[in-house]
Amino acid sequence: MVVPPSFFGMTVNIVGPAAFNSQWPSISIGTMAKTPGTNWYYLEQIQGSYHWTGLDNAVQAALANGAKSIIYTFYGTPSFYASNPSGPCYIPGASGCAEPPNTQNWTNFVSAVVTRYKGEITHYEIWNEPNRSDSWAGTTAQMVSLAQAAYQTIKSIDPNAKVLSPGPAIGSDYASWVQGYLQAGGAQYSDGVSWHGYLCQDDPALNKVCPSDASCDNRGIDCAGSPLVNQVHDLRQAEAAANASNLPLYDTEGGWQQNQFLSNLNDQIAYVARWYIIQASEGVAIASWYAWGVGDPSNPQGWGSMFSADTGQTTGAASAYQVAEGWLNGATMNGACSADSSNVWSCPLTFSNGLAGLIVWNGNESSSTYTPASKYIQYETLSGGSPTTISVGSNVTIGEAPILLEAGNR
């Protein structure tokens with residue numbers, strides 16, 4: 001498949017018109033995902049009255065800065081609509097995790113959003129992490145009912161908009177939740193299947209259990225390898241079991257989670273590039289990183305930090321993203337990335353001018369020599385800059401960070 005500009009998604013975690021004007025990401029973003037202060041309970045703080053400023057600012061900034069797509073995630077029931085306003089919820093002081101018992105209230109809000117942003121917001125995700133009890137208190141059947149009402153409303157107002165299934169959190173049940181949702185009727189109200197493709201490590205202290213095939217070691221960098229590939233494959237198996245293999249996959253939120261899970265900058269540089277490269281090769285429609293602007297990059301509580309709104313500084317991970325985006329954007333991925341018996345990964349691609357390329361890295365997180373095919377005469381690294389010539393018969397050094405072999409000048 002040809003990798004479109006819209007594949008490169010990003011959560012932009014900045015607030016207010018001044019911030020959007022001054023702190024919009026310095027990197028190329030094809031799709032803007034969720035932004036703060038735009039959930040249902042924020043937009044409708046008074047019953048029947050909508051406060052659009054935050055979402056207006058975000059949408060206008062995205063369009064002004066060349067975004068091709070915008071994903072809006074519906075979630076967060078206002079207290080005056082919630083079936084159990086005092087129920088458990090991961091949002092402090094909010095009742096947004098309870099289901100709305102009156103579907104008309106939900107439909108009114110969906111209609112208001114889609115009417116206001118018709119032709120601007122291109123994708124609507126039905127709910128955030130519904131497989132967490134502190135994010136969705138209702139049943140799967142109730143979620144399907146909300147999806148049906150939303151799908152019919154969205155399509156009646158903006159037929160070109162895409163409706164995505166609720167995006168489950170990564171965990172032991174993410175694929176089974178998707179399968180159950182699709183089989184319960186959700187497939188007919190979905191134009192795509194979403195999930196949150198984060199690094200996943202078992203954590204007994206948090207009662208967190210990862211799928212055995214999608215769990216990674218304590219260092220974390222290997223999650224941008226076979227575990228990420230397996231997330232995609234598990235979801236495709238879930239779709240197949242529900243006779244919904246026609247639905248494309250959308251990673252609407254993902255990355256290495258909190259910085260404490262991947263604190264080494266070199267690991268972060270390799271991870272962000274591999275995260276996008278692997279998903280592009282697997283045919284994921286949009287991969288949205290979380291996040292730009294969540295805390296100081298040196299703060300363990302920051303999430304996937306390429307940039308900090310606290311310090312105004314970018315990191316090497318942002319530069320690596322931009323280089324990888326330049327490699328992939330407009331290129332045709334010639335099959336999925338794969339690892340050989342030595343855990344050397346290779347991802348073949350063809351550039352828009354017909355030139356052959358190959359992205360390679362060492363999945364063992366160590367340096368080794370690699371012998372390129374004779375057609376590759378130069379290579380680029382995530383550091384950017386001019387390509388390095390490969391002498392005939394020479395080897396190149398590869399490590400955990402991908403390099404791009406080229407058969408000529410792109």
(message) Ring-plane angle category for W106 and W127, please: parallel below 30°, perpendicular beyond 60°, tilted otherwise.
(response) tilted
(message) Any side-chain to backbone donor/acceptor pair from S156 onto T153? Under 3.5 Å, distance only.
(response) yes
(request) Taking all heavy atoms of G197 and all of Q231, pick out the closest pair and write down the distance. (result) CA-OE1, 3.3 Å
(message) Taking V59's backbone N and O only, do any of them form a donor-acceptor pair with D56's side chain (distance below 3.5 Å, no angle check)?
(response) no
(request) Please name the pair of heavy atoms, one in A187 and one in A244, separated by the smallest distance, quoted to 0.1 Å. (result) CB-CB, 4.1 Å
(request) Supply the atom-to-atom distance Q183 CD to E239 CD, rounded to the nearest 0.5 angstrom. (result) 12.0 Å
(message) Would C223 and C216 count as a disulfide pair, i.e. SG atoms separated by less than 2.5 Å?
(response) yes
(message) Side chains of F74 and V113, heavy atoms from C-beta outward: is any pair under 4.5 Å?
(response) yes
(request) Indicate yes or no: at least one non-hydrogen side-chain atom of L228 is less than 4.5 angstrom from one of Y271. (result) no
(message) Has N160 got a side-chain atom pairing as donor or acceptor with G119's backbone, closer than 3.5 angstrom?
(response) no
(message) Applying side chain to side chain contact (heavy atoms under 4.5 Å, CB included) to W361 and I277, what does each step give before you reach the verdict?
(response) CA-CA 11 Å; W361 68 84; I277 291 165; 4.2 Å; yes
(message) Given 3.5 Å as the limit, does a donor-acceptor pair link the side chain of N264 with the main chain of N266, or not?
(response) yes
(message) Are L405 and I390 packed together at the side-chain level, in the sense that at least one heavy-atom pair is separated by less than 4.5 angstrom?
(response) yes
(request) Provide the full list of side chain to side chain donor-acceptor pair (under 3.5 Å) pairs with a residue in residues 276-288, sequence neighbours left out, each pair given once. (result) H233-E282, R236-E282, D251-Q279
(message) Please check this pair: side chain of D222 against backbone of D217, looking for a donor-acceptor N/O pair closer than 3.5 Å.
(response) yes
(request) Would you check if W136 and E129 make a side-chain contact, meaning some heavy-atom pair closer than 4.5 Å? (result) no
(request) Determine yes or no for a side-chain-to-main-chain donor-acceptor pair under 3.5 angstrom, with R274 supplying the side chain and E400 the backbone. (result) yes
(request) Taking the side chain as every heavy atom from C-beta outward, state whether Y174 and P211 have any atom pair closer than 4.5 Å. (result) yes
(message) For E44 and Y81, which I'm curious about, is there any donor-acceptor pair between the side chains at under 3.5 Å?
(response) yes
(request) Kindly state whether the ring of W256 and the ring of F261 have centres lying under 6.0 angstrom apart. (result) no
(request) Hey, could you give me the CH2/CD1 distance between W275 and I278, rounded to the nearest 0.5 Å? (result) 11.0 Å
(request) Could I get the full list of side-chain contact (heavy atoms from CB on, under 4.5 Å) partners for I377, not counting sequence neighbours? (result) none
(message) If I compare all heavy atoms of L355 with all of G408, which pair ends up nearest, and what's the gap?
(response) CD2-O, 3.0 Å
(message) Around atom NZ of K155, are there more than 12 heavy atoms from other residues, nucleotides or ligands closer than 6.0 Å?
(response) yes
(request) For N102, look at atom CG and say whether over 12 heavy atoms of other residues, nucleotides or ligands are found less than 6.0 Å away. (result) yes
(request) Please round to the nearest 0.5 Å and tell me the distance separating atom CZ of F8 and atom CD of Q322. (result) 9.5 Å
(message) Under a 3.5 Å cutoff, is there a donor and acceptor pairing between the side chains of S305 and N259?
(response) yes
(message) Return the CG to SG distance between N84 and C89, rounded to the nearest 0.5 Å.
(response) 10.5 Å
(request) Can you see which heavy atom on A317 is nearest to which on I269, and at what distance? (result) N-CG1, 3.8 Å
(message) Please find the pair of heavy atoms, one from M143 and one from P166, that lie closest to each other, and give the distance.
(response) CG-CG, 3.7 Å
(message) Taking I154's backbone N and O only, do any of them form a donor-acceptor pair with D158's side chain (distance below 3.5 Å, no angle check)?
(response) no
(message) I'd like to know whether N65 forms a side chain to side chain contact (heavy atoms under 4.5 Å, CB included) with I29, so could you lay out the CA-CA distance, the side-chain angles of the two residues, the decisive distance to 0.1 Å, and finally the verdict.
(response) CA-CA 8 Å; N65 285 278; I29 294 175; over 6 Å; no
(request) Would you confirm whether the ring centroid of W289 sits within less than 6.0 angstrom of the ring centroid of W303? (result) no
(request) Step by step, work out the side chain to side chain contact (heavy atoms under 4.5 Å, CB included) result for T252 and T73. (result) CA-CA 9 Å; T252 54; T73 302; 5.6 Å; no
(message) For W177, is there any backbone N or O sitting under 3.5 Å from a side-chain donor or acceptor partner on D173?
(response) no
(message) Please find the pair of heavy atoms, one from A149 and one from T103, that lie closest to each other, and give the distance.
(response) CB-CG2, 3.7 Å
(message) Under a plain distance cut-off of 3.5 Å, with no hydrogens placed, do S245 and N243 share a side-chain donor-acceptor pair?
(response) no
(request) Quick one: do S319 and L382 satisfy side chain to side chain contact (heavy atoms under 4.5 Å, CB included)? Show the steps, please. (result) CA-CA 8 Å; S319 299; L382 291 175; over 6 Å; no
Ignoring hydrogens and angles, write down the donor-acceptor pairs under 3.5 Å from the side chains of residues 328-335, residues two or more places apart or on other chains.
| residue | atom | partner | partner atom | Å |
| --- | --- | --- | --- | --- |
| N329 | ND2 | E325 | OE2 | 2.8 |
| N334 | ND2 | T350 | OG1 | 2.7 |

(request) Please answer whether the main-chain N or O of W195 pairs with a side-chain N or O of E253 as donor and acceptor at a distance below 3.5 Å. (result) no
(message) Contact between D340 and S346 at the side-chain level, heavy atoms closer than 4.5 Å - yes or no?
(response) no
(request) State the CG-CG distance between L404 and L358, to the nearest 0.5 angstrom. (result) 8.0 Å
(message) Tell me whether T38 contacts the main-chain N or O of T35 through its side chain, where contact means a donor paired with an acceptor under 3.5 Å.
(response) yes
(message) Tell me whether the rings of W52 and Y50 are parallel (<30°), tilted (30 to 60°) or perpendicular (>60°).
(response) tilted
(request) Determine whether F80 and N105 make a side-chain contact, defined as any pair of heavy atoms from C-beta on separated by less than 4.5 Å. (result) no
(message) Please report the interatomic distance CD(Q237) to CG(L235), rounded to the nearest 0.5 Å.
(response) 9.5 Å
(message) Pairing donors with acceptors under 3.5 angstrom, does anything connect the side chains of Y75 and E125?
(response) no
(request) Flag yes if more than 12 heavy atoms outside Y370 fall under 6.0 Å of its OH atom; otherwise flag no. (result) yes
(request) Report yes if the side chains of S165 and S194 come closer than 4.5 Å at any heavy-atom pair, otherwise no. (result) yes
